[in-house]
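Proteins come first, then strands; the chains are lettered A, B, ... in the order of their sequence lines, and each starts at number 1.
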Amino acid sequence: MSHALPQWQGDTAALRALQSERATQVILRDAFAKPLRTIAGFDVGFEDDGATTRAAAILLDADTLAIIDQQVARLPTRMPYIPGLLSFRELPALLDALAMLKHAPDLAFIDGHGIAHPRRLGIAAHFGVETGIPSIGVGKTILVGEARMALHEMRGAFTPLRDGREQIGWLLRSKPGCLPLIVSPGHRVAMPSAPELVMRYVTKYRLPEPTRLADRLASRRDRGDGTTDERDD
DNA sequence: GCGACAG
DNA sequence: ATCTTGTCGC
């Protein structure tokens, strides 16, 4: 009986216009520490029938993948989910979680799309432009675009995701037998670098560690003892 | 007007 | 995203 998001009476057209403006600030060039020192994963989940937005941030050592810090931020949900406008609903909580970390990462992996978006400003790109932190979008399904070529079954294979004649990301087979990941640059990451950076952190699951761990934390499934469970992809 | 549509 | 058992496949 609890629930009901306070009716959101916002200007959708204005938000789309804002995205187009900010998409102008996206930089598709690698501009992160090399070698990477720390990386972070971000994802959002919900509580109280959606009334509360729960963002998770996990800071990892880029070499050992050891967890350096992990934080959860909660905020009352303000806006409903509208395809293409996801960042306005989830970014506020994500930024709170980021601020709670001991320190900012050299690179951020975000659950959602980077520039593989109608106006080239998915949540990962928006996050990057807002924070200046290099970012990559790691999504599980396509919002816009299509793959023209078949994707090999081999682990690590990738093929372009395109919208019309421009490439907006990649379909990446992170794990054999599993649906491909949709990977796209967010900010300060070059298109060719995205697949490799994601694969660098993929272990035995479909999702790369940063996003996989943030997903568990955001969805409150971070109980696992690492024994015989880990019901992922 | 009719679908499609991240999380 | 979230609600959920059993079930198919490596």
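Here B:dG7 presents its P atom at 19 Å from CZ of A:Arg54, a figure rounded to the nearest Å. Between A:Ile82 atom CD1 and B:dC5 atom C1' the separation is 12 Å, expressed in whole Å. Atom-to-atom, CD of A:Glu90 to P of B:dA6 comes out at 12 Å; the value is rounded to the nearest Å. With rounding to whole Å, A:Leu171 atom CG is found 14 Å from B:dA6 atom P. If you take CD1 of A:Ile142 and C1' of B:dG7, they are 15 Å apart, rounded to a whole angstrom. Taking atom CZ on A:Arg119 and atom P on B:dA6, their separation rounds to 13 Å, with Å as the unit. For A:Ile115 and B:dA6, the CD1 to P distance is 18 Å, given to the nearest whole Å. Rounded to whole Å, atom C1' of B:dA6 lies 14 Å from atom CG of A:Leu91.
Within the nucleic acid shown, A:Gly45 comes within 4.0 Å of sugar-phosphate atoms alone, with no base atom in reach, counting heavy atoms only. Note on A:Leu85: a base of the nucleic acid sits closer than 4.0 angstrom, heavy atoms only. Note on A:Gly84: a base of the nucleic acid sits closer than 4.0 angstrom, heavy atoms only.
A salt bridge links A:Asp215 with A:Arg221: the distance from a Lys NZ or Arg NE/NH1/NH2 to an Asp or Glu carboxylate oxygen falls below 4.0 Å. For the pair A:Glu146 and A:Arg162, the salt-bridge criterion is not met [side-chain N within less than 4.0 Å of a carboxylate O]. Salt-bridge formation is not detected for the pair A:Asp96/A:Arg74: no Lys NZ or Arg NE/NH1/NH2 atom is positioned less than 4.0 Å from an Asp or Glu carboxylate oxygen.
Using cut-offs of 30° and 60° on the angle between ring planes, the pair A:Phe42 and A:Phe127 is tilted.
Considering only the side chain of A:Asp111, B:dG7 comes nearest among C:dT2, B:dA6, B:dG7.
OP1 or OP2 of C:dT2 sits under 4.0 Å from a side-chain N or O of A:Ser219. OP1 and OP2 of B:dC5 both lie 4.0 Å or more from every side-chain N or O belonging to A:Thr141.
In this pair, A:Tyr81 lays its aromatic ring flat on the base of B:dG7, centres within 5.5 Å and planes under 30 degrees apart.
At distances below 3.5 Å, not a single donor-acceptor pair connects side-chain atoms of A:Asp48 with backbone N or O atoms of A:Ala51.
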